[in-house]
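First up is the structure itself, then whatever we jot down about it.
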Amino acid sequence: MISDTVTVPTSLRIPTLADVQRRRSELLQYAAQHPGSHQAEQPADLPEDEPEETTPTAPPAITPWPTLANAAYHGLAGLAVRTIAPHTEADPAAILLQFLAAFGNMVGPGPHCMVESTRHNLNLFVVLVGESSKARKGTSWRHICRLFSEVDDLWVAHRVTSARLTADGLIHTLRDQDPPTDRRLLVLSEEFATVLHVLAREKGYLSPLLRCAWDSGNLRTLDRHRSLQATGAHISLIAHITQYELAQHLHRTEAHNGFANRCLWTAVRRSQCLPEGGSLRPEDLAAVARQLRRTLNWVGNEIERSPFARDAAARRLWNDRYFVLSHARAALFGAATSRAEAQVLRLSAIYAALDCSPIVTTQHLEAALAVWDYCSASAALIFVPAAIDPIVERIREALDASPGGLTRDQIRGLFQHHVRSERIDAALEQLTTLGTITSRKSLGRGRPSTLWSATEAPETEPE
């Protein structure tokens, strides 16, 4: 976690994504006003050693803020957002995605979809990405928590946890017992950067465990040389993180091993300015809670538990959109969005369940596609190549692979001494501030030198 009291010298500050986008916008305007001049000369303050992005299928250099289409506000989910949104500074997208994730967990492992022999439950992994304290991520969750407390306060009290996310803690909470216990668990991680740091550094079970939690819910690990397992667990995740933290802590391994594409990446920001706060009336929220309670009763009374199925019109729409959904994309953006078909499948089933319908109609599928389009556009905004500084990334990867640490000369040698000392100092300062690396004096012959090392991952303990 980044302390609010830590400051980085201005001369050494790594540009943020907003800085990069603003600068690129200026350069595009300059090029439009001076045709052909960009080939003859460049403004003097361009970075000298910034690597050029050459991937032709990468997202656009200047990515607009995503827009959530009206179709996403279908049914009860839309009613909840329209009731809450006027009375909060939280982003409507944050309210909607957390509502869908909470409902998908509350219904449990019964409702599902089938794709050939693969079962998809309605659990979602939602990651809200926005500025710390300004995007109102925590505010949006508190409204959702308040709504669902009126529906089932025991679920909120016992099946929603904000405890530190660890492999042993997760499987210990949901371990198989006799008699069987509640299989549902909604993990709220408001400091998701800490989790990503553990995923990048540890050689343990958390990353594969989370992937299994999204896939099947059948978890298995070792706890001090004895086997622990949780069968049929129904785990959902709501995580909050800033884009800066995400760029520094989402290790490329986790981006490409299937963890990132199980998440619905959601860009959020403050929607309005309410100096005196909102004025949501309890009776308005209670009206939404009553409808939500009736919906959950319908889900509970569905005895056959047959999978959701599309009607003929929804099948035609699905066939029309399937090629685009399954199209491969490049780089981190592609790695984060390569499970589009499964995400839309689950979202459409959630919208159908909210309508008390075992059949997915075009309205449900259009709502799911609108949510996915927003998340895909968010991923394009979040995972543009410029969001990760290549100097910082290269140093961190080298230190991760060097248990004994590296001296500053060795670090500079990673770049064949073509990177300025100021850039390396800035990268080391940034990684130190994030707690990713540490330094110590190395005593030996001659003058003592500074040895830089990757920090050790914290040990995981049962919660």
Side-chain angles (χ1 to χ4, degrees), residues 66 68 70 72-107 122-162 184-192 236-242 264-296 347 350-351 353-354 367 370-371 374-375 378:
L68 190 58
N70 288 333
Y73 298 113
H74 172 77
L76 185 52
L79 176 62
V81 176
R82 288 191 297 271
T83 301
I84 296 171
H87 306 285
T88 177
E89 296 182 339
D91 196 315
I95 299 171
L96 176 64
L97 266 293
Q98 290 178 115
F99 176 91
L100 296 174
F103 177 80
N105 186 265
M106 186 175 273
V107 297
L122 307 191
N123 55 314
L124 302 175
F125 286 7
V126 171
V127 183
L128 304 185
V129 184
E131 286 186 71
S132 178
S133 77
K134 297 297 183 183
R136 303 298 190 262
K137 301 186 290 292
T139 300
S140 62
W141 166 250
R142 284 188 284 275
H143 282 291
I144 297 301
C145 186
R146 179 185 170 190
L147 171 61
F148 279 84
S149 292
E150 294 205 21
V151 178
D152 187 347
D153 58 342
L154 291 179
W155 176 80
V156 172
H158 300 291
R159 309 321 304 167
V160 178
T161 179
S162 58
R184 301 173 299 170
L185 186 68
L186 173 60
V187 178
L188 175 66
S189 179
E190 296 187 284
E191 298 294 341
F192 195 52
S236 305
L237 171 68
I238 293 177
H240 300 170
I241 194 170
T242 69
L264 290 167
W265 302 97
T266 309
V268 298
R269 59 184 177 183
R270 187 169 69 178
S271 62
Q272 59 182 329
C273 184
L274 298 176
E276 298 184 8
S279 56
L280 178 59
R281 298 185 305 174
E283 55 267 31
D284 292 337
L285 198 67
V288 180
R290 282 194 299 271
Q291 293 196 41
L292 186 55
R293 198 176 297 113
R294 285 195 295 267
T295 300
L296 290 167
L347 287 166
I350 289 175
Y351 276 104
L354 285 166
V371 172
Y374 185 90
C375 293
S378 295

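- The closest side-chain heavy-atom distance from Leu128 to Val126 is below 4.5 Å.
- One N or O on the side chain of Gln272 and one on the backbone of Thr88 form a donor-acceptor pair closer than 3.5 Å.
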Worksheet item: Which is it for Ile84 and Leu285 under the side chain to side chain contact (heavy atoms under 4.5 Å, CB included) test, yes or no, and what are the steps along the way?
Response: CA-CA 8 Å; Ile84 296 171; Leu285 198 67; 4.2 Å; yes

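- Atom CG of Asn70 has 12 or fewer heavy atoms from other residues, nucleotides or ligands within 6.0 Å.
- No hydrogens or angles considered: nothing links the side chains of Ser271 and Glu89 as a donor-acceptor pair under 3.5 Å.
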Practice prompt. Check the pair Leu347, Leu100 against side chain to side chain contact (heavy atoms under 4.5 Å, CB included), reporting the backbone distance first and the verdict last.
Written response: CA-CA 8 Å; Leu347 287 166; Leu100 296 174; 4.0 Å; yes

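- For the atom pair CG of Leu96 and CZ of Arg82, the computed distance is 10.5 Å after rounding to the nearest 0.5 Å.
- Contact between Leu76 and Gln291 at its shortest, heavy atoms only, is CD1-CB, 3.8 Å.
- We find the CZ-CG distance between Phe192 and Leu237 to be 5.5 Å, quoted to the nearest 0.5 Å.
- When all heavy atoms of Leu79 and Val288 are compared, the closest pair comes out as CG-CG2, 4.1 Å.
- Of all heavy-atom pairs between Leu68 and Ala370, the closest is CD1-O, 3.9 Å.
- Between Pro282 and Arg146, the closest side-chain pair of non-hydrogen atoms falls below 4.5 Å.
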Worksheet item: Going through the checks in order, is the ring-ring contact (aromatic ring centres under 6.0 Å, His included) test met by Phe148 and Phe99?
Response: CA-CA 9 Å; Phe148 279 84; Phe99 176 91; 5.5 Å; yes

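- Two residues are said to be in side-chain contact when any heavy atoms from C-beta on lie closer than 4.5 Å; Ser140 and Val268 fail this criterion.
- Leu264 has its side chain within reach of Leu97: a pair of non-hydrogen atoms, C-beta onward, lies under 4.5 Å apart.
- Listed by first and then second residue, the side-chain hydrogen bond (donor to acceptor under 3.5 Å, both in side chains) pairs that reach into residues 72-81 are His74-Asp355, sequence neighbours excluded.
- A distance of 11.0 Å separates SG in Cys375 from CH2 in Trp265, rounded to the nearest 0.5 Å.
- With no hydrogens or angles considered, no side-chain donor-acceptor pair links Asn123 and Ser236 at under 3.5 Å.
- Looking only at distances, a side-chain donor or acceptor of Arg184 sits under 3.5 Å from a matching main-chain atom of Met106.
- Here Cys145 contributes atom SG and Leu186 contributes atom CG; the two are 9.0 Å apart, rounded to the nearest 0.5 Å.
- To the nearest 0.5 angstrom, Ile144 atom CD1 is 8.0 Å from Ile238 atom CD1.
- For Ser189 (side chain) and Ala239 (main-chain N/O), no donor-acceptor pair under 3.5 Å exists by modelled atom type.
- Nearest heavy-atom pair, Tyr374 versus Pro66, reported as atom, atom and distance to 0.1 Å: CE1-O, 3.5 Å.
- When all heavy atoms are compared, the tightest approach of Tyr351 to Ala72 is OH-O, 2.6 Å.
- Nearest heavy atoms, Leu354 versus Ala77: CD1-CB, 3.9 Å.
- Side chain of Arg293 to main chain of Glu150: a donor-acceptor pair is present (N/O by atom type, distance under 3.5 Å, no hydrogens or angles).
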Item to complete: Test side chain to side chain contact (heavy atoms under 4.5 Å, CB included) on Val127 and Thr266 and set out the steps.
Response: CA-CA 6 Å; Val127 183; Thr266 309; over 6 Å; no

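- For the atom pair CZ of Arg270 and CG of Asp91, the computed distance is 12.0 Å after rounding to the nearest 0.5 Å.
- For the residue pair His240 and Gln98, a side-chain donor N or O sits within less than 3.5 Å of a side-chain acceptor on the partner.
- Looking at Phe103 and Ile350, their side chains come closer than 4.5 Å, going by heavy atoms from C-beta outward.
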Practice prompt. Before giving the answer on side chain to side chain contact (heavy atoms under 4.5 Å, CB included), spell out for Glu131 and Arg269 the whole-Å C-alpha distance, their side-chain angles and the decisive distance to 0.1 Å.
Written response: CA-CA 7 Å; Glu131 286 186 71; Arg269 59 184 177 183; over 6 Å; no

